[in-house]
Protein chains: 2
Amino acid sequence: MNTLSYGLLSLLSNSADSGYDLMRKIQPFWPAKHSQIYPLLAQLESGGYVQHTLVVQSDKPDKKVYSITPIGKEALRSWLTEPACEPNTRDELVLKLYCMEQGELADIRRLLETRVAYSQDKLAWLQAKLEVYSLQQPPPPLGTLLLMKKAEYHFESDLSWSEWALRQLVERQNQEEPNPR
Amino acid sequence: MNTLSYGLLSLLSNSADSGYDLMRKIQPFWPAKHSQIYPLLAQLESGGYVQHTLVVQSDKPDKKVYSITPIGKEALRSWLTEPACEPNTRDELVLKLYCMEQGELADIRRLLETRVAYSQDKLAWLQAKLEVYSLQQPPPPLGTLLLMKKAEYHFESDLSWSEWALRQLVERQNQEEPNPR
DNA sequence: ACGCCCATGTAACTAGTTACATGATTTG
DNA sequence: CAAATCATGTAACTAGTTACATGGGCGT
């Protein structure tokens, strides 16, 4: 049982889902491809943590809808008593910024502009989703709200930072080419 | 050439360093163990991107100090012209929060308290480091500043979120046990 | 017609972690 | 006297990505 397995159980503890949907839902919190998820679900099923029923669809391919079992819930319960391991972030942009002196300012500027746009998109998408959730009756479980708020905090700060960084860069650029013409 | 290789080159473009030091410096931006770094450095050397000189030390074990070559700098230059891939974060805590209904509120509370303390520590450490850097003469390269500021933004937001989440949880806890005695 | 979305799976590979191995020096 | 730090490396494993494979429906 690795972290991704627990993550899948965690999603299933809120609602039954197909492997395909689990894959998309877990992306923002724990990136994983379908090729990793399908075998894990089979493994979880053979361990008795989940079970599936085949749902036949006419317009779309048939799917396996997985649901959590009492054994799965017990596994989550004991997992929750253990401390969480430290979060880790891998961001290629920061590695690039560290050696920015080696390249063209225009390239670095493009990288930062891309990041600004990315954060804006993510933030807008999240806020739309939070809006929907706030109107929902009955209100969604507290866990869901905490997650979405965490993502909102994160992208707000990422946006602020990247905008600030871009301003720093533009300042530097102006210093290097003062008084055009 | 994978991202970690470029990351090592990026660090070396600012200062020559031993594998051991590179390992510690790259941690915050791209977690990696020494067992991954040493073979990569050997590979980078055989590709002509870096070279090392043996530095004999009396009080500590001898070390190999790597420095970047013109070929390495050229590799960085072309890497900087390519777009950076999207950042990804893996945080076990969010997976745990998502299934918090399955466990005890006290356990969840402990998890959040741990996170609050963690963010506070990181933030304090960073701000001390930023303080040192601001006094430094000559000022450090812009890239370094951008990175440290990014980390500061990040831990500030993480701290705000985790404190907010903890308040939400305590509220919920009070609702469940109203008017003690 | 071409490509994307849905849906599931396996095979081959790369990336990353844990464990094994060694050994001196400093700190509690 | 035990544990941490410095320093390098390899071996064995787990985790994660890319590529291969299939196939109907839907939009342009």
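Letters A, B, ... are given to chains in the order of the sequence lines, protein chains preceding strands, and every chain is numbered from 1. It should be emphasised that the depicted structure is a prediction, and the values quoted were computed from it without experimental measurement.
- Annotation: proximity of residues 21-46 of chain A to DNA chain C (heavy atom, distance under 4.0 Å) is found for A:Arg24, A:His34, A:Ser35, A:Tyr38, numbered in ascending order.
- Taking 4.0 angstrom as the limit, B:Tyr20 places a side-chain polar atom (N or O) nearer than this to OP1 or OP2 of D:dC6.
- Taking 4.0 Å as the cut-off between side-chain N and carboxylate O, A:Arg77 and A:Glu74 count as a salt-bridged pair.
- Listed pair B:Arg90 / D:dG16 meets the phosphate criterion, a side-chain N or O lying under 4.0 Å from OP1 or OP2.
- Under the salt bridge (charged side-chain N to carboxylate O under 4.0 Å, His left out) criterion, A:Lys149 pairs with A:Glu152, not counting sequence neighbours.
- DNA chain D is contacted by both A:Leu4 and A:Lys60; A:Leu4 maps to the nucleotide lying nearer its 5′ end (nearest heavy atom per residue).
- As rounded to whole Å, 14 Å separates atom C1' of C:dC6 from atom CG of A:Asp17.
- In this model, the phosphate group of D:dT14 is not approached by any side-chain N or O of A:Asn2 to a distance below 4.0 Å at OP1 or OP2.
- For D:dC6, the OP1/OP2 oxygens have no side-chain nitrogen or oxygen of B:Gln57 closer than 4.0 Å.
- Taking a cutoff of 4.0 Å between a charged side-chain nitrogen and a carboxylate oxygen, A:Arg109 and A:Glu113 qualify as a salt bridge.
- For A:Lys63 and C:dG9, the NZ to C1' distance is 17 Å, given to the nearest whole Å.
- Atom CG in A:Asn88 sits about 17 Å away from atom P in C:dA15, given to the nearest Å.
- Summarising the local packing, CD of A:Glu104 is surrounded by 12 or fewer heavy atoms from other residues, nucleotides or ligands at distances under 6.0 Å.
- For the pair B:Gln168/B:Arg172, no side-chain contact is recorded, criterion being any heavy-atom separation below 4.5 Å from C-beta on.
- By the salt bridge (charged side-chain N to carboxylate O under 4.0 Å, His left out) test, A:Asp121 pairs with no residue at all, sequence neighbours left out.
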